[in-house]
Amino acid sequence: MPRLGSHRRRLPEILRLLALAYPDAHCELDFQTPFELLVATVLSAQCTDRRVNMVTSRLFPRLTGPKSLVEMGVDRLAEEIRDVGLFRAKARALVSLSEDLIRLHGGQVPADRQALEALAGVGKKTASVVLANAFAIPALAVDTHVFRVSHRLGLASAKSPEKTAAELMEIVPPDDWISFHHQLIAHGRQVCHARSPACATCTLLPLCPDGRRRTASPAVR
DNA sequence: ATCCCGAGGG
DNA sequence: CCCTCTGGAT
């Protein structure tokens, strides 16, 4: 069995195969404005995008901007978003977030990482999603899928999501960050599952150190 | 039981 | 670093 080269040699092929397998990978959250995406992303913690979209399809028609959420208040908002789980914490975060937007940015969502991460309830992950999908600014959010899949592919070795993001941004061209992010998530959801990855059907198997380990015949070890 | 594109607080 | 917040799907 031939050895796998360094990631620098494998990366272009990995990017090519991912683009081939997931040509339409994109943000699965429904939104019309940066503010709607920000709200949807906060709601998406520990919850499927499908469920977030069910909740926001009821919520968004009644929102004009952050002012609407402040006026709605934590308790009423919590009832509206109950189905996404963590609803009290998320309602509190969304109202504080809306107050921050009004106070600091005239109710507009800033297209700037530092400003985004300074908002209540917005961390690196949420900031990256908003930058990439609302403003088309290259960002590489490392969520649970990106972390797991990039490690299995041997593209990253850091133990924290932040350091993993740094490793990936070092080797992936900025123009590919957004699509790479969506493709790794699609792959993580559909094939490279946390528990038992479907290596047998994975088109990346020849390029994946972990997959080859998993599928190697026991006789040779 | 375990998982879902997290963030804040201790 | 660990815990908590939370409900629905599988």
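In what follows, every chain begins at residue 1, and chains take the letters A, B, ... in the order their sequences are listed.
Taking a 6.0 Å sphere around CZ of R58(A), one finds it holds more than 12 heavy atoms contributed by other residues, nucleotides or ligands. Around atom CD of E162(A), more than 12 heavy atoms belonging to other residues, nucleotides or ligands sit under 6.0 Å away. Other residues, nucleotides and ligands contribute over 12 non-hydrogen atoms within 6.0 Å of the CD atom of E79(A).
Between the side chains of S128(A) and R113(A), at least one donor N or O sits under 3.5 Å from an acceptor N or O. Counted by atom type alone, D210(A) and H151(A) present zero donor-acceptor pairs between their side chains at under 3.5 Å. Remark: the T56(A) side chain and the E36(A) side chain contain no N/O donor-acceptor pair separated by less than 3.5 Å.
Interface limits on DNA chain C: the 5'-most and 3'-most nucleotides within less than 4.0 Å of chain A heavy atoms are dC5(C) to dA9(C).
A salt bridge links E13(A) and R16(A); the closest N-O separation between the charged side-chain nitrogens and carboxylate oxygens is under 4.0 Å.
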**Q.** H187(A) and Y22(A): CA distance, side-chain angles, deciding distance, side-chain hydrogen bond (donor to acceptor under 3.5 Å, both in side chains) verdict
**A.** CA-CA 8 Å; H187(A) 190 59; Y22(A) 310 102; 2.6 Å; yes
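DNA chain B lies under 4.0 Å from at least one heavy atom of each of the following residues of residues 173-190 of chain A: H181(A), H182(A), I185(A), R189(A). Within residues 15-36 of chain A, the residues that place at least one heavy atom under 4.0 Å from DNA chain B are, in residue-number order, C27(A). Shown for residues 75-101 of chain A: residues whose heavy atoms fall under 4.0 angstrom of DNA chain B, namely L86(A). Near DNA chain C, defined here as any heavy-atom distance below 4.0 Å, there are no residues from residues 112-132 of chain A.
Between the side chain of E117(A) and the main chain of A127(A), no donor-acceptor pair closer than 3.5 Å is present. H193(A) places a side-chain N or O within donor-acceptor distance of the main-chain N or O of Q190(A), the cut-off being under 3.5 Å. Using modelled atom types, one side-chain atom of N53(A) and one backbone atom of D30(A) make a donor-acceptor pair closer than 3.5 Å. Although no hydrogens or angles enter the test, the distance criterion places a donor-acceptor pair under 3.5 Å between the side chain of K90(A) and the main chain of A45(A). Looking only at distances, a side-chain donor or acceptor of R148(A) sits under 3.5 Å from a matching main-chain atom of C192(A).
Distance check on atom C1': dT2(B) versus dT6(C) gives 15 Å, rounded to whole Å. Distance noted for atom P between dT10(C) and dC5(B): 13 Å (whole Å).
Straight-line distance from the CD atom of Q46(A) to the P atom of dT2(B): 15 Å, rounded to whole Å.
One finds the CG atom of L18(A) at 7.5 Å from the OG1 atom of T203(A) (value rounded to the nearest 0.5 Å).
By the side chain to side chain donor-acceptor pair (under 3.5 Å) test, T144(A) is found to be paired with no residue, residues two or more places apart in sequence or in another chain being considered.
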